[in-house]
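We use all heavy atoms of the structure for the numbers below, so side chains are in, but hydrogens, waters and symmetry mates are not.
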Amino acid sequence: MKIYNTLTAKIEDFVPIKHPFVGIYACGPTVYDYPHIGNLRTFCCVDFLRRILDYFSYDVKLVINITDVDDKIIKAINQNGVSLKEYTSKYEEYFFSSISKLNIKPACFYPRATEHINEMVEIIKLLEQKGVAYRTEDNSIYFSVSRFNDYGKLSKIDKSNLKKGVRVDVDQYDKEDPVDFALWKSYTQSDGDVFWDVEIGKGRPGWHIECSAMNRKYLGQPFDIHAGGIDLIFPHHENEIAQSECAYGKTLANYWFHVNHLIVEGQKMSKSLNNILTINDISNPFALRLLYLQTHYRNKLNFTFDGLRAAENALNSLDAFVKTLFDIKMYYELEDNFDGNINDEIDRMGKRFIHGFESSLLDDLNTPKALSYLFDLSGEFFVFMNKNPKIVKFSDVNYLIALIEKVDSVLGLNLTVFTQLPSDIQELLKIRKKAKLEKDYTTADNIRVRIQEMGYVVEDTPWGTRCRRK
RNA sequence: GGCGACGUAGCCAAGUGGCAAGGCAGGGGCCUGCAAAGCCUUGAUUCCCGGGUUCGAAUCCCGGCGUCGCCUCCA
């Protein structure tokens, strides 16, 4: 499998440290607000990565952290007069429900920052011992960037250029160097109840140290893949590397996987533009998932509602294709006719499809291309079937259904999962069937309209009438 | 100022040296009791512009133009 590595800026062969095990750490949400569809894109792309590795029989251990303490959270709880836990658990739940709507497979661990203070303290102590961390007058602890020679290797940022651009933060007045970053922030009155009184002092962790602590605890060092949004490359991931590699003298992670941004109608999502969209603004989360699949993860994705509608239509046509396969399967099941080898032409289609699909995924997760093979399969199948519908037999469709089920373990579109029709619709369909037999088309058409109004499509096919959700 | 990305049909989007994937939308036709779905057909002689390398370039090189990101919290 080939994968782009931000660290080397090249597409490389993926070789895990200990085959078939793969450790992945992805920077998760800061639970101070609702996750927007940009955040969700990153998690979805990490899900693609994970599912692809699963598909190719790797044994994946995925860790996604939850940042449940930081400046913004503290500010918010002060304003709202609630406890840290009360505040963050609400947004944590929202995060979990959002990713579940997008059919993102759960990670193996979701460690919380506040539950790993000891692990952070351990690293900070080591850094102090090694003399790469120092204390300021207020007893905060900073990492001295100048002591780490490899600083900038991930983001390709030159330390000397960096200094020019950096604005000095007023409350960090006594840092030795403006680019140094906080490992431990000493307690101030405004922190309220949010502090840990530990041997390095009373205070709270800096942002970067939590990830270093948690990925080390769950995956060891080095581990295979570190993932996250593209904007985390600098400074977050650069700083994580600095801390972890300085403390332990070992590489932090071998591969760095970064997902590009999602923009909305050509603009960055931001509060000032009032264009922040969450999962609740999306009528059909599976269409959003398909939209994510249709753009390569390293390219910007311009989200528009027209685009979402287009994805929804595409999803419908895939749905119609798979439904057709199931209709045919059911038809022969009712006839008790399971006979037949797989037709040569169908077999060729299937092989071409799987080969194209898999090789696209192996090429740096080319999900848009992989998907194109599924549409090709649908087209080829219909062409074949249109020549003579009844030439397609039970074993042909059964074979194709199995293939689609298999690739859907990566796509996660639930293409072969159907929910039963509501009983009132089933009842209407029965009445319509009778009306049709009696050539009472007025009644039949009226019922069709009624069912459509309930959000379903009614279609008459050579294998009987079918009804699916629109 | 420093670092970097992108510009492919009406829209979205693959392709990074050998005849321009796929999706959505539109036109015409077939099928259908009518529909829906599907099929057929139609659409970039050309990949922002100008040069260059090459037998051959959307793809490599140089120079423009344009859009955007990061360098500050950020997925």
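When heavy atoms are screened at a 4.0 angstrom cut-off, A:Lys387 is found touching no nucleic acid atom at all. Note on A:Leu40: nothing from the nucleic acid sits closer than 4.0 angstrom, heavy atoms only. When heavy atoms are screened at a 4.0 angstrom cut-off, A:Asp70 is found touching no nucleic acid atom at all. Within the nucleic acid shown, A:Phe382 comes within 4.0 Å of sugar-phosphate atoms alone, with no base atom in reach, counting heavy atoms only. If you check every strand for non-hydrogen atoms under 4.0 Å, A:His296 touches sugar and phosphate atoms only. Nucleic acid contact for A:His236: none, since no nucleic acid atom lies under 4.0 Å from a heavy atom of the residue. As judged by a 4.0 angstrom heavy-atom cut-off over every strand, A:Val457 is placed among residues touching the sugar-phosphate backbone only. In this structure, A:Ser378 reaches neither bases nor backbone, as no heavy-atom distance under 4.0 Å exists between it and the strands shown.
Along RNA chain B, the nucleotide nearest to A:Phe321 and the one nearest to A:Cys27 differ in position, and the one closer to the 5' end is contacted by A:Phe321. Projected onto RNA chain B by closest heavy-atom contact, A:Asp460 and A:Tyr32 fall at different nucleotides, the more 5' of which corresponds to A:Asp460.
Looking at A:Arg448, its side chain comes within 3.5 Å of the base of B:rA35 through a donor and an acceptor atom.
Not one N or O on the side chain of A:Asp363 forms a donor-acceptor pair closer than 3.5 Å with the backbone of A:Asn366. Within the 3.5 Å criterion, the main-chain N or O of A:Asn254 finds a donor-acceptor partner in the side chain of A:Asn5.
Across B:rU59 and B:rU46, the matching C1' atoms stand 14 Å from one another, rounded to whole Å. When the P atom is compared between B:rG51 and B:rU41, the two are found 37 Å apart, to the nearest whole Å. Spacing of C1' atoms, B:rC47 relative to B:rA13, comes out at 13 Å, to the nearest Å. If you take atom P in B:rC61 and the same atom in B:rC68, they sit 25 Å apart, rounded to whole Å. Look at the C1' atom in both B:rU42 and B:rG10: the space between them is 15 Å, to the nearest Å. For the C1' atoms, the distance from B:rA75 to B:rG38 is 40 Å, rounded to whole Å.
Salt bridge status for A:Glu312 with A:Arg309: absent, with no side-chain N to carboxylate O gap under 4.0 Å.
Ring-to-base geometry does not place A:Tyr373 in a stacked arrangement with B:rG22 (centre distance under 5.5 Å, plane angle under 30° required).
Summarising the geometry, the separation between CD1 on A:Ile263 and C1' on B:rC70 is reported as 15 Å, rounded to the nearest angstrom. Here the P atom of nucleotide B:rU16 and the CG atom of A:Asp364 are 12 Å apart, to the nearest Å. If you take CG of A:Leu277 and P of B:rA75, they are 16 Å apart, rounded to a whole angstrom. Note: CG (A:Leu371) to P (B:rG15) measures 14 Å, nearest angstrom. To the nearest angstrom, C1' of B:rC3 lies 12 Å from CD of A:Glu238.
For the 3.5 Å distance criterion, the side chains of A:Asn65 and A:Tyr25 qualify, holding a donor opposite an acceptor. Side-chain contact of A:Thr67 with A:Glu210: a donor-acceptor pair under 3.5 Å is present, judged by distance alone. With 3.5 Å as the limit, one finds no donor-acceptor pair spanning the side chains of A:Asn343 and A:Lys393.
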Notebook entry, point to check: With the sugar-phosphate defined as primed atoms, P, OP1 and OP2, and the base as all remaining atoms, what B/S/- string results for nucleotides 5-12 of chain B, 5' to 3', for protein heavy atoms under 4.0 Å?
Noted result: --------

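Between A:Thr461 and B:rG38 there is no side-chain N or O to OP1 or OP2 distance below 4.0 Å. Of the side-chain N and O atoms in A:Lys268, one or more sit less than 4.0 angstrom from OP1 or OP2 of B:rC70.
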Review item, nucleotides 25-29 of chain B N/O atoms under 3.5 Å of protein N/O:
from: B:rA25; atom 1: OP1; to: A:Asn313; atom 2: ND2; distance (Å): 3.1

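Scanning for side-chain hydrogen bond (donor to acceptor under 3.5 Å, both in side chains) contacts around A:Ser190 gives A:Thr188, with sequence neighbours left out. Looking at residues two or more places apart in sequence or on another chain, you find no side-chain hydrogen bond (donor to acceptor under 3.5 Å, both in side chains) involving A:Gln294. When the side-chain hydrogen bond (donor to acceptor under 3.5 Å, both in side chains) test is applied to A:His116, the partners found at least two apart in sequence or on another chain are A:Tyr218.
Residue A:Lys390 places its NZ atom among more than 12 non-hydrogen atoms of other residues, nucleotides or ligands, all under 6.0 Å distant.
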Throw together a table of side-chain donor-acceptor distances under 3.5 angstrom for residues 454-464 of chain A, partners on residues two or more places apart or in other chains.
from: A:Tyr456; atom 1: OH; to: A:Arg469; atom 2: NH1; distance (Å): 3.1
from: A:Glu459; atom 1: OE1; to: A:Arg466; atom 2: NE; distance (Å): 2.6
from: A:Glu459; atom 1: OE1; to: A:Arg466; atom 2: NH2; distance (Å): 3.0
from: A:Glu459; atom 1: OE1; to: A:Arg468; atom 2: NE; distance (Å): 3.2
from: A:Glu459; atom 1: OE2; to: A:Arg468; atom 2: NH2; distance (Å): 3.1
from: A:Asp460; atom 1: OD1; to: A:Arg432; atom 2: NH1; distance (Å): 3.2
from: A:Asp460; atom 1: OD1; to: A:Lys436; atom 2: NZ; distance (Å): 3.4
from: A:Asp460; atom 1: OD1; to: A:Thr465; atom 2: OG1; distance (Å): 2.8
from: A:Asp460; atom 1: OD2; to: A:Arg432; atom 2: NH2; distance (Å): 3.0
from: A:Asp460; atom 1: OD2; to: A:Lys436; atom 2: NZ; distance (Å): 3.2
from: A:Thr461; atom 1: OG1; to: A:Trp463; atom 2: N; distance (Å): 3.0
from: A:Thr461; atom 1: OG1; to: A:Gly464; atom 2: N; distance (Å): 3.4
from: A:Thr461; atom 1: OG1; to: A:Gly464; atom 2: O; distance (Å): 2.7

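Listed nucleotides: B:rA14, B:rA75, B:rC39. Nearest to the side chain of A:Asn366: B:rA14.
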